[in-house]
Amino acid sequence: MNVQERIRSRTGTRSETDCAVCPATRRCWGAEPLLPDAVHVRREPPLERGARLIEQGGPAGVYIVATGCLVLRLALPDGSQRVVGLRLPGELVGLESYARGAQTYTAQAATASAVCRLHMPEPGAAATQGALLERLLLKSASQPERASAPWAGLPAVERVAAFIENYIERAQLPAREERFRLPLTRADIGSYLGLAPETVVRALGHLSQAQRLSVRGRTVSLGGTL
């Protein structure tokens, strides 16, 4: 079966695609090849920075990030919001909603992003989608919030350094990448790390003085070992 045959018009306006034949399958699903027809997705319209993919409490839907970065925000009872996570290429968004029936977080594009919506089996039909559910189980186990954050318990400067290291790894930047752009504002980084924005600014200043990196706006240049 060729690529064209694997792209089926199931929605009228958008098509479902077999991930096994997508050029980005390795980036999204890892090195182990996908079996044909194991995972189908619907490519969503591109998201500009600031656009929302899902709303907290909104309809269920599971997505995988193809490019870019999404930030997860949780609305608190007092009306404020807290950043509770990032989603980078190859990571899932909205998996919790499959069981709960509604979205746990709001997911907003921190940069221009591309995502695909997974074609999920109907409840009770899991036996017919074993390959997909096995993949999702493996991905769910490795999602960042399933383990302790690498910056937990560290002082502010090292917490920010650990966040940047974690971002480099998860964003799949080249090992020798010397310059890149952070997707979050200082306020969002602080919300994510449990720090005040001013503390994040001071921490970046300390890292710069120690020649571990330099920062101009959101552009980071690595000057040494973080």
Side-chain angles (χ1 to χ4, degrees), residues 10-11 14 16-35 37-47 49 51-75 82-123 125-126 128-150 163 166-173 183-184 188 192:
R10 297 185 180 178
T11 63
R14 280 176 280 174
E16 282 196 1
T17 301
D18 186 348
C19 282
V21 298
C22 177
T25 185
R26 186 183 182 95
R27 179 183 62 212
C28 290
W29 294 101
E32 183 180 349
L34 282 172
L35 294 175
D37 292 319
V39 183
H40 285 109
V41 297
R42 187 180 70 197
R43 291 172 179 152
E44 296 292 294
L47 295 170
R49 180 184 171 199
R52 294 186 175 186
L53 173 68
I54 57 174
E55 297 277 356
Q56 183 174 334
V62 183
Y63 304 81
I64 189 165
V65 181
T67 62
C69 174
L70 275 67
V71 58
L72 305 184
R73 301 183 189 276
L74 179 67
R82 182 166 62 91
V83 174
V84 294
L86 301 180
R87 290 293 180 268
L88 293 157
E91 296 178 357
L92 298 170
V93 182
L95 184 59
E96 306 89 349
S97 73
Y98 182 57
R100 298 176 182 173
Q103 298 292 350
T104 305
Y105 313 111
T106 292
Q108 185 177 27
T111 66
S113 304
V115 300
C116 295
R117 179 168 181 159
L118 274 66
H119 180 71
M120 299 292 291
E122 294 295 328
T128 64
Q129 293 289 335
L132 169 60
L133 295 178
E134 180 182 359
R135 288 278 180 167
L136 292 180
L137 179 61
L138 292 172
K139 273 197 165 292
S140 175
S142 63
Q143 287 276 97
E145 69 273 8
R146 298 294 181 185
S148 297
F163 162 75
N166 180 256
Y167 171 75
I168 292 170
E169 179 182 356
R170 289 171 58 195
Q172 304 177 43
L173 298 178
L184 300 185
D188 279 347
Y192 190 29

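All values below were derived from every heavy atom in this structure, side-chain atoms included, with hydrogens, water molecules and symmetry-related copies excluded. Predicted, not measured: the structure shown is a model, and the values here were computed from it.
Looking at Asp37 and Asp18, their side chains come closer than 4.5 Å, going by heavy atoms from C-beta outward. Using a 4.5 Å heavy-atom threshold, the side chains of Tyr192 and Val71 count as separate.
For the pair Arg27 (side chain) and Gln172 (backbone), a donor-acceptor distance under 3.5 Å is absent. No donor-acceptor pair closer than 3.5 Å links the side chain of Thr111 to the backbone N or O of Gly68.
Paired with Gln103 under the rule side-chain contact (heavy atoms from CB on, under 4.5 Å), one option of Ile54, Leu53, Val93 passes, and it is Ile54.
Closest non-hydrogen pair, Leu92 versus Arg87, comes out as O-NE, 2.6 Å. Shown here for Ala66 and Cys28, the closest heavy-atom pair between the two residues is CA-SG, 4.2 Å. Closest non-hydrogen pair, Cys116 versus Arg43, comes out as SG-CG, 3.8 Å. Nearest heavy atom pair, residue Gln56 against residue Arg73, reads OE1-O, 3.8 Å. Contact between Ser97 and Val62 at its shortest, heavy atoms only, is OG-CG2, 4.5 Å. Shown here for Leu86 and Cys69, the closest heavy-atom pair between the two residues is CD2-SG, 4.3 Å.
Between atom OH of residue Tyr98 and atom CG of residue Leu118 there is a gap of 10.5 Å, rounded to the nearest 0.5 Å. For the atom pair CG (Leu34) and SG (Cys22), the distance works out to 10.0 Å, reported to the nearest 0.5 Å. Between atom CD of residue Glu55 and atom CD of residue Gln108 there is a gap of 9.0 Å, rounded to the nearest 0.5 Å. Rounded to the nearest 0.5 angstrom, Thr106 OG1 and Leu70 CG are separated by 11.0 Å.
Side-chain contact check for Glu16 and His119: at least one donor-acceptor pair (N or O, by modelled atom type) lies under 3.5 Å.
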